[in-house]
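All remarks here apply to the structure that follows.
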Amino acid sequence: MNIGVVGAGYVGLVTAVCLAEVGHNLKVVEVNAEKVEKLNNGECTIYEAGLTELLQNNIQAGRLNFTNHLTDMINDCEAIFLCVGTPPKEDGSADLSQIEAAVKEIVAQSNEGQYKLIVVKSTVPVGTADWLKEIVSSHATGRQVIEIASNPEFLREGVAVNDFMEPDRIILGVSSIEGKRLLEKLYEPFACPKIITDSNTAEVIKYAANSFLATKISFINMVSDLCEEVAADVSQVAEGMGYDKRIGPEFLKAGIGFGGSCFPKDLSAFLHVGQARGLNFGLLEQVISVNEERPARIQKKIESLVGPLKGKTIAFLGLAFKANTDDVRESPSAKLAALLKKEDVTIRATDPMASANFKAMYAPLAQSMDFFESAEETLKGSDCAVILTDWEHYKAIDWNKIKTIMNRAAVVDARNLYTEQNLRQLGYSYAGVGKELEKLEGVF
């Protein structure tokens with residue numbers, strides 16, 4: 001099938017590459033000319049395991065092409081996926097201006113008498129597809145046949161290729177027999193449950209899924225605070241909960257909280273949707289509140305190990321919001337850095353993939369930080385190491401050797417990457433999340 005994708009960001013790029021991999025022909029529109037040139041040359045513009053190889057293979061096979069011009073693909077494609085941004089407005093609602101602009105241009109450029117399916121893959125509030133249908137109706141001229149469908153994505157950064165190629169389920173919010181037939185044909189290569197529903201239901205499924213996962217994270221972080229007060233171990237609490245099939249172990253890992261491009265904005269948008277209809281969505285307010293408190297709690301853990309922060313040097317291991325990605329949007333590391341800078345702290349930082357993105361996105365803050373290639377360079381002369389992203393190779397750090405180059409042997413493990421027994425045996429002061437706090441009164 002000939003498929004179009006509008007937007008070569010995270011969702012758009014993964015969608016296009018993976019659909020090409022199963023044999024479809026893809027044309028991708030991206031407004032950033034520099035990004036288009038790189039992608040057509042096989043240079044991946046995001047870090048995602050396995051994506052670069054698939055990108056290059058499908059470009060070489062002639063199934064994947066990138067362009068700056070929407071008109072290059074409108075009438076050549078049977079379906080057009082909208083994968084543009086829906087950033088939050090000041091009130092928390094989703095900004096749908098990019099989707100609106102794309103739909104209007106597709107309508108204006110579509111041939112008369114030709115069926116066209118516009119598939120919304122961007123995360124949007126309930127009612128968006130119905131609103132877009134009204135836009136199509138009011139802007140169509142002649143005999144254009146344009147349908148709107150909803151097909152939300154459920155991709156986890158770091159394993160997005162696997163999630164797309166081996167999905168848990170595919171949600172198809174579509175209202176016509178023709179649209180259903182087309183999408184079923186498109187997704188025929190994927191062996192998973194395919195839920196056919198209306199667009200409103202599909203839109204709610206996406207927001208509800210992300211909000212529920214975020215709720216699990218904030219819940220276990222709330223429990224971790226209690227564990228610290230009563231000398232319990234949150235890792236074992238989560239394990240004990242996770243064996244319950246009704247709960248499951250996923251997203252029960254205590255830490256510095258969630259970030260990234262999805263959970264924060266989707267929670268805000270879903271909260272706005274509920275409140276706009278006069279509903280009590282206070283649960284989501286608490287989920288957001290617990291998450292916003294996490295960086296300040298990590299700051300207190302640092303203080304508990306090194307004393308007053310003024311003049312101290314703190315080493316950040318990790319800047320991406322999670323491992324296996326270079327995404328720093330809503331990064332907890334940035335929030336913690338902003339807090340520490342108010343205390344006149346020197347910050348030395350490293351990340352194997354995300355340093356450049358961090359410097360670009362948080363430019364004023366980053367200018368006051370020092371960046372290094374390796375963990376060893378970053379830890380040199382520091383008063384405390386803070387583990388902020390659970391990169392696997394951080395587990396291989398030789399902490400016995402590192403102790404000799406640090407000003408103070410102290411580690412705040414905001415991801416519970418290590419066991420406190422091992423580091424304390426090496427002579428470190430250690431603070432994890434949801435573990436019994438080390439008592440250091442009178443040390444400073």
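For this chain, numbers begin at 1 and follow the sequence in order. Not measured: the values here are computed from a predicted model.
- Under the ring-ring contact (aromatic ring centres under 6.0 Å, His included) criterion, Tyr207 pairs with Phe270, not counting sequence neighbours.
- Scanning for side chain to side chain donor-acceptor pair (under 3.5 Å) contacts around Ser93 gives Asp91, with sequence neighbours left out.
- A salt bridge does not link Lys335 to Glu293: none of the charged nitrogens lies less than 4.0 Å from a carboxylate oxygen.
- Using a cutoff of 4.0 Å between basic side-chain nitrogens and carboxylate oxygens, Lys206 and Glu203 are not scored as salt-bridged.
- Ring-plane geometry between Phe190 and Phe164 is classed as perpendicular, the angle between the planes exceeding 60 degrees on a 0 to 90 degree scale with a lower cut at 30.
- In the model, Ser218 has no side-chain atom that pairs as donor or acceptor with a side-chain atom of Asn221 under 3.5 Å.
- Sorted by first then second residue, the salt bridge (charged side-chain N to carboxylate O under 4.0 Å, His left out) pairs that include residues 23-33, not counting sequence neighbours, are Lys27-Asp76.
- Within a 6.0 Å sphere centred on NZ of Lys38, heavy atoms belonging to other residues, nucleotides or ligands number 12 at most.
- Other residues, nucleotides and ligands contribute more than 12 heavy atoms inside 6.0 Å of the CZ atom of Arg169.
- By the salt bridge (charged side-chain N to carboxylate O under 4.0 Å, His left out) test, Asp351 pairs with no residue at all, sequence neighbours left out.
- Legend: ring pair (Phe, Tyr, Trp, His ring centres under 6.0 Å) pairs involving residues 398-418, not counting sequence neighbours, sorted by first then second residue: Trp399-Tyr418, Trp399-Tyr428.
- Under the salt bridge (charged side-chain N to carboxylate O under 4.0 Å, His left out) criterion, Glu90 pairs with no residue, sequence neighbours left out.
- Under the salt bridge (charged side-chain N to carboxylate O under 4.0 Å, His left out) criterion, Asp168 pairs with no residue at all, not counting sequence neighbours.
- The stretch residues 233-251 participates, sequence neighbours left out, in these salt bridge (charged side-chain N to carboxylate O under 4.0 Å, His left out) pairs: Asp233-Lys435, Asp244-Arg246.
- In plain terms, the two heavy atoms of Glu153 and Lys121 that are nearest each other are CG-O, 3.8 Å.
- Scanning for ring-ring contact (aromatic ring centres under 6.0 Å, His included) contacts around Tyr47 gives an empty result, with sequence neighbours left out.
- Under the side chain to side chain donor-acceptor pair (under 3.5 Å) criterion, Lys322 pairs with no residue at all, not counting sequence neighbours.
- Checked against salt bridge (charged side-chain N to carboxylate O under 4.0 Å, His left out), Lys401 has no partners two or more places apart in sequence or in another chain.
- Annotation: side chain to side chain donor-acceptor pair (under 3.5 Å) contacts of Arg348 (sequence neighbours excluded): none.
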